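One structure below.
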Amino acid sequence: MSTNVLEHKTSNLIKDAGSFPSSEVMLDLKNLKKVYPTPKGDYVVLEDLNLQIKKEEFVTIIGHSGCGKTTMLSMIAGLNPISGGYISVLGKHIKGPGPDRGVIFQAPSLMPWMTSLQNVLLGVNQVFPHATKAQRHDIAKYYLQKVGLEDAFNKKASDLSQGMQQRVGIARAFAIKPKVLLLDEPFGMLDSLTRGELQDTLIEIWNKEKITAVMITHDVDEAIFLADRVVMMTSGPKAKIGDVLDIDFERPRTRKAVLEHDDYYKYRKHLIDFLEH
Amino acid sequence: MGLGFLGTIKDLFTGKLEKEDFISFLRKVVVPLASILLFIGLWHMGSQSLYNIEAEFKIEKALEDQGPAAAEALRECIASGESGCQPNTLPSPSQVWASYQSLLRDHNIISADKAAFIEKTAVLNEKRIAEGKEPITYTGRPSFVDQIFRSLKTVFAGFLLALLIAVPLGIFIGLSPTLKSAFNWFIQIFKPVSPVVWYLLVFMIVKTVLIDSNEDSSFTISFISVGLCSMWATLVNTAMGVSSVDKDYINVAKVLKLGSFQKIFKVVLPSSLPLIFTGLKITLSVAWMVLIAIELLAQSPGLGLFVWEEFQNGANDSNAKIIVAMFVIGIIGFLLDRLMLTIQNWVSFDKTDAI
């Protein structure tokens, strides 16, 4: 059956996962380990986690709740200390957070007392300190336009809907021009209609910027639609990479074309089989 | 704003009141008015019965000590309403109202007197200033309204002192766990100390610091005491607000690598403003509450001293004047609280947060 072909293909990929030419690798996770000490002894969340992500690649990470996906992402962001192994961006080991890794959080995390423009400028001012004020405003406004908020520059973040707030979050992350974009279930709190719209916005702006992206999601369709590769994590404790699935759809993609593609249901079945197994 | 019923009354007269608003009108206007009337009625009856007890006791005593003739004379004297023989007890609402009006009249007389004095001495004072001498100032006794403004001045000076000490200190304590453990014992021990003791402490220090000064230090002592008594709520709330900023905001600040200055002024402070203002609101009401006791001790002019002097005075309408002062103190306290709430709503980003 066709799944055999797929399995063959993915098993090849797992073999290859750690062996991209170093010039192509943007983000490298090597023997990554995370341990939380508890009164009953150490709790190992992640162990021997190896993952390489290429330049201009969009990777989605899928796995059961509590398997350590978010822990892994916040370690990449530098918000959570590493217990073992290392994470490197373009060959340089990371030490703490920095604007080379933009993060879109699960909650929009905008400063509610600032306008959407001020929220984006907060990052832009930090990353482009030598640009003139007008240039920085132009950058912020450009990205707000890109996410469809040209009418809401001066609206207070607290006056925006959840979906619009997350759009500002996307603009804020892209506007600082990071090398790697980290997305922690950014659409998890939205209704499915808004979620679809935001996926379109995200992929549109990503097609233009081609920033290496790592995104956590619970949504199998979202994982397939957005990604070049879907990484499946085993359940914790001691979670690691369970399987990797290559998504061979052409870019730019439309939702319609993806849904009508013959391979779509094969991919979907593969992911669901993994999650239910 | 708590004064919403005024809007309802306006609607009533402009005919905008809908039928379904009737119940809310009842609740917001009629019920408070009825409860006020009930309160005044109970007060009236209470003061009446206290008056009777006191009067009977006086007559009984006169009978025992001086015989039936004196008792009868006293009974007539009390009935005639002459001020010299009235029983001294809780004044009735009408007496309090009369005292309020007499205090206002007194104020008008004093202000007229003051204006006349300033007019009379204007030419002389110009000459004195030209000659380099001190101008002559009005030294008559302050009116009740003057006392109110003196009290407000003291309370705002104290509040400002509390704000200038407690907010910056609270920020530092909230930001640094080390400072927090350094200051925690200090806060825990000094927070419950009584206003009277604070006054005595400030008095000990200020007396020595201003040893060379001939000026009256009672104002300085009372506003510093008020500030020290009332700053704790702001200190604790600021520290709590700063140390409990939403973790998401802190993560954003970390990811964007904001400097500490930017982090404090753009993220930490705005997000803790609601709690800081809650603290400031408590501070202002505590300041107003302890002010009376402190003015009384410090002999600093103001409502507290007014109350104390009236109590010592023991004149026929003294008790009524004390009750007038009590209402004035209460109403001003309420207005100060509303003022802070308005400012809080105005600066706070989250409109639903304010209580």
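All values derive from a computational prediction rather than experimental measurement. Labels below follow one simple rule: chain letters A, B, ... track the order of the sequence lines, proteins then strands, and each chain is numbered from 1.
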- Gln188(B) atom CD, neighbour heavy-atom count above 12 within 6.0 Å: yes
- In this structure, CG of Asn80(A) is separated from CG of Asn251(B) (nearest 0.5 Å) by 9.5 Å
- Message: For Phe172(B), I'd like to know if atom CZ has over 12 heavy atoms of other residues, nucleotides or ligands within 6.0 Å.
- Response: no
- chain B contact via Leu122(A) - side chain, backbone, both or neither, heavy atoms under 4.5 Å: both
- Query: For Lys210(A), does the NZ atom have more than 12 heavy-atom neighbours from other residues, nucleotides or ligands under 6.0 Å away?
  - Reply: yes
- Contact summary for Gln126(A) and Gln262(B), nearest pair of heavy atoms: OE1-OE1, 2.9 Å
- Close side-chain approach of Asn119(A) and Val252(B), heavy atoms under 4.5 Å: no
- Task: Please check if atom CZ in Phe149(B) has more than 12 non-hydrogen atoms from other residues, nucleotides or ligands closer than 6.0 Å.
- Result: no
- Query: Are any side-chain N or O atoms of Trp113(A) and backbone N or O atoms of Lys266(B), one a donor and one an acceptor, separated by less than 3.5 Å?
  - Reply: yes
- Query: Looking at side-chain heavy atoms only, is the closest gap between Val255(B) and Phe105(A) below 4.5 Å?
  - Reply: yes
- Message: I need the Ser109(A) OG to Lys247(B) NZ distance, nearest 0.5 Å.
- Response: 11.5 Å
- Do you know which two heavy atoms are closest between Pro99(A) and Lys257(B), and how far apart they sit? CD-CG, 3.7 Å
- Query: Side chain, backbone, both or neither: which part of Arg172(A) has an atom under 4.5 Å from a heavy atom of chain B?
  - Reply: side chain
- Message: Contact between Ile176(A) and Leu256(B) at the side-chain level, heavy atoms closer than 4.5 Å - yes or no?
- Response: yes
